[in-house]
Amino acid sequence: MNSYDFFAKRFLSQPSKLFLGSHSGERYTYADVERETARYANFLTGLGLQRGDRVAVQVEKSPQAIFIYLACLRAGLCYLPLNSAYQQSEIGYFLNDARPGVAICSPASQGLFARLCGEARVPHLFTLDDSGLGSFTEASVNAGPQFATVISESDDLAVIIYTSGTTGRSKGAMVTHGNLASNAQVLCDAWKITAQDVLIHALPIFHIHGLFVALNTILLSGGTLLFHRKFDPKAVIRDLSRATLLMGVPTFYTRLLAEPTFTRETCNSIRLFVSGSAPLLLDTFNEFRGRTGHTILERYGMSEAGMICANPLNGERRGGTVGMPLPGVKLRIAGDAGEPAPRGDRGVIEIKGPNVFSGYWRMPDKTKEEFTDDGFFKTGDIGVVDRDGYVAIFGRAKDLIISGGFNVYPKEIELVIDALDGVAESAVIGLSHPDFGEAVTAVIVRSHEGLMLDPGEVIAHVRSQLANFKVPKQVYFVDALPRNTMGKVQKNLLRDQFAIKK
């Protein structure tokens, strides 16, 4: 069950079919996919990489970056995508924790990566820019165009996706070949994705939404990508007439609605709009339907499980819900003590199925802690299942913030803020935001020496340490943080207090 082979058995039935096209003139057929991934797989294994070795990649979006991902699957290697916004301390941690055999970065980051790879003893470093040029493509240009795809088991490691940790330490979710194949198949079936579909791909490819949901379903169906390196609403609107699908985060849809040229007529050829990675506001859901006549299909997933739930393709798509569990996924709600909660009661969402990851990289104790004795994964999300089986999510038991589609754990940011001179303590919360879904917000108690500390200094300090999506949008100062009788900060009170100051 090598997931590349699983996809290739479908798309290679039409090798001359267009896989990817862009406004800059890039055109790649499925025969090109087979050839380019073979060359990259030959090159990587020629460096001495063995089955399961990691390949860390922090580059801008390009067709060549997609081919590297697929080459890793094909060669039985483990692909390790890194958000392009990650900064020095984050990158250093990932390299030391995963110990990849190869790292690939943008040319602008080469100096930083050279030092970090030296410290982490990563033997090979290459570059790749957003036009597909760099030392990686130069070094692999003469590699052979044929490669015998490695036979893999369903539970063999395919990808490690790092998620932020509630204690400040990121966790590497181990995604298997079976996870990728099963989730792609389920989504193609549920959303009726076929070779006739054309998907506007404007998502990043270091995230499961763009990498697994959008890309893998097109590969499996033999469809076509209209490739956008970033989301530009005007460029997306121009492509709508050539497409049948758009997958996006809620921010995509709020920005499309802000464009006067986005009308019912411009959406005539689209058969499905999908939203995920963050909650879709009901106002956006309703405004979009009123403007276009289309009802957005909202779904629910996470790094540890791919896609979990989705509103139906045919049937009622309910705003404010993420639909029902996908075929093969078992979902239940657990009460405070882990007991099954009655239908209609809120509790922690627990899931089980072929989509669920195999555990956290080098964290056996954490893995054991996050699974129940009967094999269900504790998502940490608070949800409810109504009498019709629709799932609604009301918050996150572990204070996770989802900003612009990216997961942000407050503890990681609090550790950075608390290290700043003049800060006595801090609490980071998420506040509702019309564009980002949630805005990262810091509430700080100054120390006596920090009475002159201002928001700009805090924001600049965090920006120097962490990715931009983790940087607070707002900073507030208080005399004390509210606590319960056990001494725990009551973040719900902070959210209520500062909600009106968004």
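Worth saying up front: this structure is predicted, and the values here are computed from it rather than measured. Numbers here simply count residues along the sequence, with the first being 1.
Using a 4.5 Å heavy-atom threshold, the side chains of Glu304 and Thr163 count as touching. Side chains of Val428 and Ile417 form a contact here, defined as non-hydrogen atoms less than 4.5 Å apart. Between Val236 and Asp232 the shortest side-chain heavy-atom distance does not fall below 4.5 Å. Between Ile296 and Arg317 the shortest side-chain heavy-atom distance does not fall below 4.5 Å. You'll find the side chain of Phe371 stays beyond 4.5 Å of the side chain of Phe376, heavy atoms only. By the 4.5 Å heavy-atom criterion applied to side chains, Val356 and Asn179 are not counted as neighbours. Contact check for Met307 versus Ile208: side-chain heavy atoms found under the 4.5 Å cut-off. Side-chain contact check for Arg291 versus Leu257: some heavy-atom pair is nearer than 4.5 Å.
Of the candidates Phe206, Phe94, Tyr93, Phe113, Phe94 is the only one forming a ring pair (Phe, Tyr, Trp, His ring centres under 6.0 Å) with Tyr86.
The side-chain contact (heavy atoms from CB on, under 4.5 Å) check on Ser22 picks up Ser24, Glu26, Phe227, with sequence neighbours excluded. Applying the salt bridge (Lys or Arg N to Asp or Glu O under 4.0 Å) test to Arg238 and every residue at least two apart in sequence or in another chain returns nothing. Residues satisfying the ring pair (Phe, Tyr, Trp, His ring centres under 6.0 Å) test with His461, not counting sequence neighbours, are none. Scanning for ring pair (Phe, Tyr, Trp, His ring centres under 6.0 Å) contacts around Phe477 gives an empty result, with sequence neighbours left out. Applying the side-chain contact (heavy atoms from CB on, under 4.5 Å) criterion to Asn355, with sequence neighbours excluded, gives Asn183, Ala305, Ile308, Val329. Take Glu298 and apply the salt bridge (Lys or Arg N to Asp or Glu O under 4.0 Å) test, not counting sequence neighbours, and it matches no residue. Shown here are the side-chain contact (heavy atoms from CB on, under 4.5 Å) partners of Thr292, two or more places apart in sequence or in another chain: Phe262, Cys267, Phe288, His294. Looking at residues two or more places apart in sequence or on another chain, you find a salt bridge (Lys or Arg N to Asp or Glu O under 4.0 Å) between Arg362 and Asp97. With sequence neighbours excluded, no residue forms a salt bridge (Lys or Arg N to Asp or Glu O under 4.0 Å) with Glu449. Residues forming a ring pair (Phe, Tyr, Trp, His ring centres under 6.0 Å) with Phe252 (at least two apart in sequence, or on another chain): Phe231. Looking at residues two or more places apart in sequence or on another chain, you find no side-chain contact (heavy atoms from CB on, under 4.5 Å) involving Ala460.
Arg54 places a side-chain N or O within donor-acceptor distance of the main-chain N or O of Arg99, the cut-off being under 3.5 Å. Distance alone, capped at 3.5 Å, is enough to place a donor-acceptor pair between the Arg446 side chain and the Leu453 backbone. Between the side chain of Thr217 and the main chain of Val213, a donor-acceptor pair closer than 3.5 Å is present. Thr137 places a side-chain N or O within donor-acceptor distance of the main-chain N or O of Gly132, the cut-off being under 3.5 Å. Panel note: side chain Ser140, backbone Tyr40; no donor-acceptor pair is recorded below 3.5 Å. For the pair Thr284 (side chain) and Leu280 (backbone), a donor-acceptor distance under 3.5 Å is absent. Judged purely by atom type and a 3.5 angstrom limit, Asn83 has no side-chain atom pairing as donor or acceptor with the backbone of Ala467. Asp53 places no side-chain N or O within donor-acceptor distance of the main-chain N or O of Cys78, the cut-off being under 3.5 Å. Put simply, the side chain of Glu457 gets close to the backbone of Asp454: a donor and an acceptor are under 3.5 Å apart. Remark: the backbone N or O of Glu369 is paired with a side-chain donor or acceptor of Lys378 at under 3.5 angstrom.
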side-chain hydrogen bond (donor to acceptor under 3.5 Å, both in side chains) between Tyr300 and Asp381: does it pass, once the steps are laid out?
CA-CA 11 Å; Tyr300 162 55; Asp381 290 322; 2.6 Å; yes

The test is side-chain contact (heavy atoms from CB on, under 4.5 Å); show your working for Lys491 and Leu493 and say whether it passes.
CA-CA 5 Å; Lys491 291 189 175 182; Leu493 299 182; over 6 Å; no

Could you walk me through whether Gln88 and Arg115 pass the side-chain hydrogen bond (donor to acceptor under 3.5 Å, both in side chains) check?
CA-CA 10 Å; Gln88 175 178 324; Arg115 179 167 59 80; 3.2 Å; yes

side-chain contact (heavy atoms from CB on, under 4.5 Å) for Val102 and Leu49? Distances and angles first, verdict last.
CA-CA 8 Å; Val102 169; Leu49 269 64; 3.7 Å; yes

Apply the test side-chain hydrogen bond (donor to acceptor under 3.5 Å, both in side chains) to residues Thr127 and Ser135: give CA-CA distance (whole Å), side-chain angles for both, the deciding distance (0.1 Å), then the verdict.
CA-CA 5 Å; Thr127 61; Ser135 62; 3.2 Å; yes

Given salt bridge (Lys or Arg N to Asp or Glu O under 4.0 Å), test Asp365 with Lys368 step by step and report yes or no.
CA-CA 5 Å; Asp365 292 341; Lys368 184 177 181 181; over 6 Å; no

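Ring geometry for Phe67 against Phe19 counts as tilted: the plane angle lies between 30° and 60°, on a 0 to 90° scale. Between His124 and Phe126, the ring planes are parallel. Angles under 30° get that label, and only those over 60° would be called perpendicular.
Remark: Leu246 CG to Leu256 CG distance equals 6.5 Å, nearest 0.5 Å. Going from atom CD of Gln465 over to atom CD1 of Ile413 covers 12.5 Å, rounded to the nearest 0.5 Å. Atoms CD and CD, from Gln497 and Gln490 in turn, are 12.0 Å apart once rounded to the nearest 0.5 Å.
The cationic group of Arg346 lies under 6.0 Å from the six-membered ring centre of Phe394 and within 45° of the ring axis, placing it in a cation-pi geometry. For the pair Lys171 and Tyr360, the cation sits on the ring face: its NZ or CZ lies under 6.0 Å from the ring centre, inside 45° of the axis. Annotation: cation-pi geometry satisfied between Lys473 and Phe436 (NZ/CZ under 6.0 angstrom from ring centroid, within 45° of ring axis).
Every pair passing side chain to side chain donor-acceptor pair (under 3.5 Å) that includes a residue from residues 57-73 is listed here, sequence neighbours excluded: Tyr28-Gln64, Lys61-His201, Tyr69-Asn216.
Ionic pairing of Arg255 and Glu259 is not present here: no N-O contact between side-chain nitrogen and carboxylate oxygen is shorter than 4.0 angstrom.
With no hydrogens or angles considered, no side-chain donor-acceptor pair links Thr251 and Thr254 at under 3.5 Å. Thr176 and Ser358 share no donor-acceptor pair across their side chains, judged by distance under 3.5 Å alone.
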